[in-house]
Amino acid sequence: MNKVVKTLKESPSARWIAWACLVVPMFASYFFDDMFSTISHIFQNPDLLELGWNSQDYGFYAGGYSFLCVWGGLIVCGMLLDKWGVRVTGSIFVGLMAAGAALVYVTISSKAIVETGKSLYIAYVGCMLFGLGSEIAGVAVTRSIAKWFKGKSMALAMGLQLAIARMGTAAALILSPVLVAESQSGYTLDVTNRPAFYGLMLLLIGSVVWGIFVAMDAKFDKEQGTSDKVETAEEDKFKFSDIFKILGNKHYLLISLLCVFFYCCIISFKKFATAILIPRFGAGAAEFEQTASWMVSMIPFFTVGFTPLFGILVDKIGKATTWMITGSVMVFIAHVIIAFAPGEAIFGYLGIAILGVGYSLVPAAMWPSVPKIVPEKNLGTAYSLIYWIQNMGMMTVPIFVGRILAKVDGVTDVNLLEKAAINAEYIFIGLGIVAMIVSWMLYFSSKKNPQLKLDVPNKEK
């Protein structure tokens with residue numbers, strides 16, 4: 001009897017092995033990106049830091065992640081994804097991600113560099129390289145999942161990928177306060193660089209695992225007689241004018257705007273979470289620093305459970321735009337609670353819990369909607385453009401929040417610290433209002449254009 005041999009496309013186990021290889025570098029990326037989030041309050045006392053950065057410096061550094069992305073990097077690299085394919089382009093930028101992280105680690109570890117007063121600017125360059133590499137690697141991962149799971153459980157796969165990647169954030173949020181423990185002399189370089197060291201090690205492992213995916217993806221295309229460049233006929237080849245066609249798609253533009261306002265409410269908030277939560281819900285309580293770290297870590301933990309669940313719902317019952325509205329409303333409510341609720345820890349936990357659920361809803365519905373409104377040959381560019389628009393906010397919001405919190409650096413008056421935290425929250429509340437408006441616009445536009453099938457289940461019967 002002839003033995004039936006399944007191709008990689010037909011094999012569920014192969015799909016999920018490939019998925020696992022894609023998750024590891026993203027886990028590492030999220031860890032490195034959030035390594036300072038739950039110790040952001042230490043920058044309010046720069047005299048105790050051998051590194052010498054204050055809150056404004058930290059905000060400047062955090063914004064570096066998005067600098068190259070905003071100034072054309074994502075658009076150009078998105079075009080490269082369509083031209084060169086996922087394997088070549090993704091490999092370059094996974095490597096760039098690790099290289100940028102290495103530069104940051106070396107910089108914040110070197111007394112010679114710190115003593116020159118240039119550590120912030122060199123680390124900023126490293127963060128720029130890491131950020132561009134991370135964003136393009138993320139685009140490559142999203143596009144690869146769309147390819148391997150097309151017609152299958154795509155929303156579930158994307159939701160699980162986001163959930164596991166955010167476990168990297170959870171690991172950073174929990175471990176960083178443990179790794180960066182204050183000594184009698186304050187925070188030395190050997191202490192503050194520990195999260196960066198572990199993050200760099202994870203990125204190196206992620207680079208190796210990415211290589212395994214590249215080999216599997218090459219075999220996938222060989223079996224199917226396809227190319228990861230998604231260019232077959234002359235009329236299907238990418239043209240620069242395609243960028244304007246993509247941006248001229250109102251549904252795509254609404255998704256992009258929702259992405260930037262929604263993600264800034266969460267990702268930029270996480271950068272300063274402890275500097276906001278400690279004066280709001282633990283003023284005067286020294287032991288609350290560790291509590292605040294656990295409080296913030298609830299965000300990624302909630303996404304681990306809820307993002308795959310919502311991905312399954314989107315796959316099976318659709319209603320993607322409704323989920324986007326619900327998630328946006330929840331994030332807005334969460335920031336209102338964090339800003340104005342009584343200063344008891346239970347309200348902090350409540351606000352963060354609602355934020356975590358909202359953070360699960362919108363991405364689970366938003367990312368699988370993009371392939372429905374953009375031609376497959378332009379998916380790399382389309383995802384890159386979304387990240388580009390998102391990074392405009394990611395570059396500017398931390399700078400403004402950092403300036404607000406820097407006004408109380410070194411201050412011990414709990415009332416002034418709380419006032420600064422509330423002022424920072426006004427930014428996130430405003431962003432949440434805009435996100436809600438955009439999600440409602442997308443909902444009504446979807447109803448007027450049923451041919452796009454934005455609210456139709458993703459899974460083919």
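These values consider heavy atoms only, across backbone and side chains, with no hydrogens, waters or symmetry-generated copies.
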Which atom of [X] lies closest to which atom of [Y], heavy atoms considered:
X      : Y      : value
Ala435 : Leu258 : O-CD1, 3.6 Å
Ile386 : Ser256 : CG1-OG, 3.4 Å
Thr38  : Ala172 : OG1-O, 3.9 Å
Met216 : Ala14  : CE-O, 3.4 Å

[X] side chain vs [Y] backbone, donor-acceptor pair below 3.5 Å:
X      : Y      : value
Ser176 : Met35  : yes
Ser110 : Thr107 : no
Asn54  : Ala406 : no
Ser445 : Met441 : no
Ser91  : Arg87  : yes
Asp34  : Phe31  : no
Thr116 : Ile113 : yes
Glu50  : Leu189 : yes
Ser40  : Ser37  : yes

Hey, could you give me the [atom1]/[atom2] distance between [X] and [Y], rounded to the nearest 0.5 Å?
X      : Y      : atom1 : atom2 : result
Met128 : Leu103 : CE    : CG    : 9.5 Å
Leu431 : Tyr263 : CG    : OH    : 15.0 Å
Leu254 : Thr321 : CG    : OG1   : 11.0 Å
Tyr58  : Phe36  : OH    : CZ    : 7.5 Å

Determine whether the aromatic ring centres of [X] and [Y] lie less than 6.0 Å apart.
X      : Y      : answer
Tyr443 : Trp323 : no
Tyr124 : Tyr61  : no
Phe32  : Phe130 : yes
Phe272 : His41  : no

For Phe428, run the ring pair (Phe, Tyr, Trp, His ring centres under 6.0 Å) check against Phe262, Phe269, Phe261 and tell me which one passes.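 Output: one option passes, namely Phe269.
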